[in-house]
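Chain letters run A, B, ... following the sequence lines, proteins first and then strands; every chain starts at 1.
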Protein chains: 2
Amino acid sequence: MRCWEEFHLNGYYNTSMQKLAAATGLQKAGLYHHYPTKEDLMRRVMEFALDQFRSYVLAVSTELDLPPEQRLEKLLRRHKKLAILHRRGCFFANIALETGREGLFNEVLKTGMMDWADAVSKILSEYMPAGAAQSEALRLIMEYEGAVLFYKLTAEEEHLEAFIHRAVTNLKRASEHSISLKQV
Amino acid sequence: MRCWEEFHLNGYYNTSMQKLAAATGLQKAGLYHHYPTKEDLMRRVMEFALDQFRSYVLAVSTELDLPPEQRLEKLLRRHKKLAILHRRGCFFANIALETGREGLFNEVLKTGMMDWADAVSKILSEYMPAGAAQSEALRLIMEYEGAVLFYKLTAEEEHLEAFIHRAVTNLKRASEHSISLKQV
DNA sequence: AATTTTACCGACCGTTCGGTAGGTAAATAT
DNA sequence: ATATTTACCTACCGAACGGTCGGTAAAATT
């Protein structure tokens, strides 16, 4: 959906229905034929974004033919590709911080974040207990979101690249540790 | 400044000059007497916020009577206090993600973030080499900003509290490691 | 073939936006 | 005591906002 790109580029409040209409090739009234309000349209856009996110990024976590380290790296790298596209960062984080206090879209946003955490946790859990994998996944996502923030501020991809490297290295260390445990 | 609170609560685009005027007890034209444009006013507000941030949060890093672990914890806890006030999160991160692409205020925001990293780095450097301290400080801030994002989404302070615990624990571990090195 | 529904348009609604013009009363400078 | 500046007001501007209206042409239903 073209509306997604528009919201992603300019945020919720700084995107008018006129802009959205122009982006879709419709007139404003045409847009209102499909969606009753701007808020409602945004909700649909977010569900669309969530679907895209699931099928393009999170789906990597179930590619069981790859070893966990490579799966994690592939997943993160896909997310990075989205983030550096037009230097937009993470759609969910952007909207979350912009509309965070009123919590207009918090439910969908929470779902997206938790799905993300689950996907990463699934990968990690091959090398560590479920509980540890879950909290480590959450921690990784936090660190990643911070890295995206720095990337948006400085335009240096290095922040993202360094994060991916840290994450994968950590997982490799955990892998060695889990193997050595099994050998005992 | 009351304008700060208003921008912090509602973001840049969702805060009108009318709201700002009402918040300060002035009329809109009265505001325009002091600041030529909304963007200019925001810039002043951000400098004010930066000053506050430096003197209330970052200043903790120079309280040399406290051991590094306690200094770090005190600094982070002060930041947390700001974040949970009205559940607003981190002012700089909010504005950065909202206005990130145009980069309207990126210079000030970058300054704030880098000052922050320097303050944390200063604390860490007592237990590790300068280079390591710097990158670990950056990493900590990234993780913290992500924790704030989750806090804003879920309203669970636990995300922030867990982060502080992780950070302080890590530092203690680094401290023991540095002591054991000195003993060799 | 007649009817209904769908998708869309141009024009317009009241409101709010960022910003300005002109005036006034108090403080300050001379 | 007079002149000037400062701080602030009411009233207003054109543009843009989110959203609605009546209408139309094509598609789908009957």
Please report, to 0.1 Å, the donor-acceptor pairs under 3.5 Å made by any side chain of residues 110-120 of chain B, with sequence neighbours excluded.
{"from": "B/Thr111", "atom 1": "OG1", "to": "B/Glu107", "atom 2": "O", "distance (Å)": "2.9"}
{"from": "B/Asp115", "atom 1": "OD2", "to": "B/Arg54", "atom 2": "NE", "distance (Å)": "2.7"}
{"from": "B/Asp115", "atom 1": "OD2", "to": "B/Arg54", "atom 2": "NH2", "distance (Å)": "2.6"}

Report all interatomic pairs (protein N or O, nucleotide N or O of nucleotides 7-10 of chain D) with separations under 3.5 Å.
{"from": "D/dC8", "atom 1": "OP2", "to": "B/His34", "atom 2": "NE2", "distance (Å)": "2.6"}
{"from": "D/dC9", "atom 1": "OP2", "to": "B/Gln27", "atom 2": "N", "distance (Å)": "2.8"}
{"from": "D/dT10", "atom 1": "OP2", "to": "B/Gln27", "atom 2": "NE2", "distance (Å)": "3.2"}

In this structure, how many angstroms lie between the P atom of D/dG19 and the NZ atom of A/Lys19, rounded?
16 Å
Between D/dG18 atom C1' and A/Phe7 atom CZ, what is the distance in whole Å?
12 Å
Atom CG of A/Leu20 and atom C1' of D/dA16 are separated, to the nearest Å, by 14 Å
Give one of base, sugar-phosphate or nothing for B/Thr15, where a contact means two heavy atoms less than 4.0 Å apart.
sugar-phosphate
Calculate the interatomic distance between A/Tyr32 atom OH and D/dC17 atom C1'; express it in whole Å.
9 Å
Minimum side-chain heavy-atom gap A/Leu75-A/Arg78 below 4.5 Å:
no
Figure out the NZ/P separation between B/Lys38 and C/dT20, and round it to whole Å.
15 Å
So, the side chain of B/Asn94 versus the backbone of B/Gly89: is there a donor-acceptor pair under 3.5 Å, distance only?
no
Could you state the CD-P distance from A/Gln18 to C/dG10, rounded to the nearest angstrom?
13 Å
Looking only at the aromatic ring of each residue, does the gap between the centers of A/Tyr12 and A/Phe105 stay below 6.0 angstrom?
yes
Ionic contact status for A/Glu161 with A/Arg77, cut-off 4.0 Å:
yes
Examine D/dC17: is either OP1 or OP2 under 4.0 Å from a nitrogen or oxygen in the side chain of A/Ser16? Give yes or no.
yes
Between D/dA11 (C1') and B/Met17 (CE): distance, integer Å:
17 Å
I'd like to check A/Leu140 versus A/Leu124 (side-chain heavy atoms, cut-off strictly below 4.5 Å). Are they in contact?
yes
Between B/Leu41 (CG) and C/dG19 (P), how many Å, whole number?
10 Å
